[in-house]
Amino acid sequence: MSHHGALVPAPPDRQYRAARDPRAWVAPALATVLGAVLAPLALLFGALSVMATDSCGPDDCSPALTTALDVVHGTLFLGGLLAVAACAASWLLPWTRRWSVARLWLAGLSLLPWLCVLALVFHLPEG
């Protein structure tokens, strides 16, 4: 006689979460397309933002402007790395319903650095 009990079926909520998500590709694909549009724009405007110091010279500009430019360039570098990592992670998560919320958050967060850079560049303080 065996000491092992019969296998108990998983509860319905666990079966639902383990099922394959047919729309798992939507959030990463949308984030990839939007990132492919926003990233070059953010890089272009971030690179052109240095021209905000043309009227005051690099040494006589206000501290607010130089701080804003440092934040823009730091966000381009570090935020760009994090955006690429978040987008890649949203694609690489398992395509089950259990990971759908995390996939959606990662896809959305991958766009945040590009949007922040564009917002900062269009609202630079006076030099």
Side-chain angles (χ1 to χ4, degrees):
M1 188 183 283
S2 174
H3 295 298
H4 303 315
L7 292 176
V8 178
D13 63 332
R14 199 171 276 189
Q15 287 176 352
Y16 176 78
R17 291 174 51 110
R20 184 170 172 82
D21 188 4
R23 295 176 302 222
W25 60 274
V26 174
L30 190 60
T32 302
V33 169
L34 288 174
V37 172
L38 291 174
L41 285 175
L43 290 170
L44 174 70
F45 285 118
L48 291 176
S49 67
V50 179
M51 291 193 312
T53 63
D54 285 350
S55 64
C56 57
D59 298 328
D60 299 327
C61 292
S62 69
L65 178 61
T66 56
T67 301
L69 289 175
D70 289 341
V71 170
V72 165
H73 295 128
T75 305
L76 277 175
F77 180 70
L78 291 176
L81 292 174
L82 292 174
V84 170
C87 188
S90 71
W91 277 108
L92 295 175
L93 282 175
W95 286 27
T96 59
R97 293 183 193 270
R98 176 181 179 194
W99 296 99
S100 61
V101 174
R103 186 179 305 104
L104 184 65
W105 273 97
L106 284 170
L109 288 175
S110 70
L111 299 176
L112 194 59
W114 312 128
L115 294 171
C116 286
V117 166
L118 290 173
L120 286 169
V121 166
F122 288 123
H123 294 96
L124 284 174
E126 291 292 320

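All values below were derived from every heavy atom in this structure, side-chain atoms included, with hydrogens, water molecules and symmetry-related copies excluded. Note that the numbering runs from 1 along the sequence shown for the chain.
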Do you know the tightest heavy-atom contact between [X] and [Y]?
{"X": "Ser90", "Y": "Leu106", "answer": "CB-CB, 3.9 Å"}
{"X": "Val72", "Y": "Ser49", "answer": "CG1-OG, 4.1 Å"}
{"X": "Ala107", "Y": "Pro28", "answer": "CB-N, 4.2 Å"}
{"X": "Gly35", "Y": "Trp114", "answer": "CA-CD1, 4.5 Å"}
{"X": "Gly46", "Y": "Leu76", "answer": "CA-CD1, 3.8 Å"}
{"X": "Gly80", "Y": "Pro113", "answer": "N-CB, 4.4 Å"}

In chain order, what residues pass the side chain to side chain contact (heavy atoms under 4.5 Å, CB included) check against [X], with sequence neighbours excluded?
{"X": "Val50", "value": "Thr53, His73"}
{"X": "Pro94", "value": "Thr96, Trp99"}
{"X": "Leu118", "value": "Leu38, Leu41, Ala42, Phe45, Phe122"}

Joint hydrophobic cluster, [X] plus [Y], side-chain heavy atoms closer than 4.5 Å:
{"X": "Val84", "Y": "Phe77", "result": "no"}
{"X": "Trp95", "Y": "Val26", "result": "yes"}
{"X": "Leu111", "Y": "Leu30", "result": "yes"}

How far does [atom1] of [X] sit from [atom2] of [Y], to the nearest 0.5 angstrom?
{"X": "Arg97", "Y": "Arg23", "atom1": "CZ", "atom2": "CZ", "answer": "6.5 Å"}
{"X": "Leu120", "Y": "Leu115", "atom1": "CG", "atom2": "CG", "answer": "11.0 Å"}
{"X": "Asp60", "Y": "Leu65", "atom1": "CG", "atom2": "CG", "answer": "12.0 Å"}
{"X": "Cys87", "Y": "Leu82", "atom1": "SG", "atom2": "CG", "answer": "13.0 Å"}

Query raised in the report: So, does Ser62 use its side chain to make a donor-acceptor pair with the main chain of Glu126 at under 3.5 Å?
Result: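 Judged by distance alone, yes, a pair lies under 3.5 Å.
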
**Report entry** Backbone of Ala64 reached by a side-chain donor or acceptor of Thr67 within 3.5 Å
**Finding:**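 Not at all, since once roles are kept as given, no pair shorter than 3.5 Å links the two residues.
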
